[in-house]
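Keep in mind that what you see is a predicted model, and the values were worked out from it rather than measured.
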Amino acid sequence: MVYQVEIAPAAQRQIRKLTTDVQQKIIQRLEALAVDPYPAGVVKMRGEQSLYRVRLGDYRIIYEIQDEELLILVLKVGHRRDVYK
């Protein structure tokens, strides 16, 4: 099963603000999430029904998994000091 990855407009803007090398690493991680939405190191967010976070160095990707529809919705991407605000 391969999941479809959708990036919310706010997350797209956040990704565009990052440097090119970080953008490429994030795209690679999102492609890997399509194959395995629960990789090693993924953390379920407290107090949220279906939100997860994955680390990428100092950056975090916060996403929602919709198993029924085989969909991953990326909600936030950013530096760890900013992404949780």
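When every heavy atom of I61 is checked against every heavy atom of R29, the shortest pair comes out as CD1-CG, 3.8 Å. Closest heavy-atom contact between Q12 and I7: NE2-O, 3.1 Å. Residues A11 and V77 approach most closely at CB-CG2, 4.4 Å, considering heavy atoms. Between Q14 and L75 the shortest heavy-atom distance is OE1-O, 4.2 Å. Taking all atoms of both residues into account, the shortest heavy-atom contact from A8 to L73 is N-CD1, 4.3 Å. Of all the heavy atoms in Y63 and P37, the pair that sits closest is OH-O, 2.8 Å.
Note on V2 and I72: separate hydrophobic clusters, where clusters join Ile, Leu, Val, Met, Phe, Trp and Tyr whose side-chain heavy atoms are under 4.5 Å apart, directly or indirectly. Two different hydrophobic clusters hold V83 and I15 under the rule that ILVMFWY side chains link at heavy-atom gaps under 4.5 Å. If you chain together hydrophobic residues whose side chains sit under 4.5 Å apart, I65 and V43 never meet in one group. Following chains of ILVMFWY side-chain contacts shorter than 4.5 Å, one can reach L70 starting from L33, so the two form part of one hydrophobic cluster. Residues Y59 and V54 share a single hydrophobic cluster, defined by chaining ILVMFWY side chains whose heavy atoms lie under 4.5 Å apart.
Contact of the R53 side chain with the Y84 side chain is registered, since non-hydrogen atoms from C-beta on lie closer than 4.5 Å.
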Checklist entry - Stepwise, does the side chain to side chain contact (heavy atoms under 4.5 Å, CB included) test hold for Y3 with D67? => result CA-CA 8 Å; Y3 284 68; D67 282 318; 2.5 Å; yes
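Separating the NZ atom in K76 from the NZ atom in K85 is a distance of 10.5 Å, to the nearest 0.5 Å. Rounding to the nearest 0.5 Å places NZ of K25 at 11.5 Å from CG of L18. The structure places CD of Q49 at 6.0 Å from NZ of K44, a figure rounded to the nearest 0.5 Å. In this structure, OG on S50 lies 11.5 Å from CE on M45, to the nearest 0.5 angstrom.
More than 12 heavy atoms of other residues, nucleotides or ligands shown are found within 6.0 angstrom of CD on E69.
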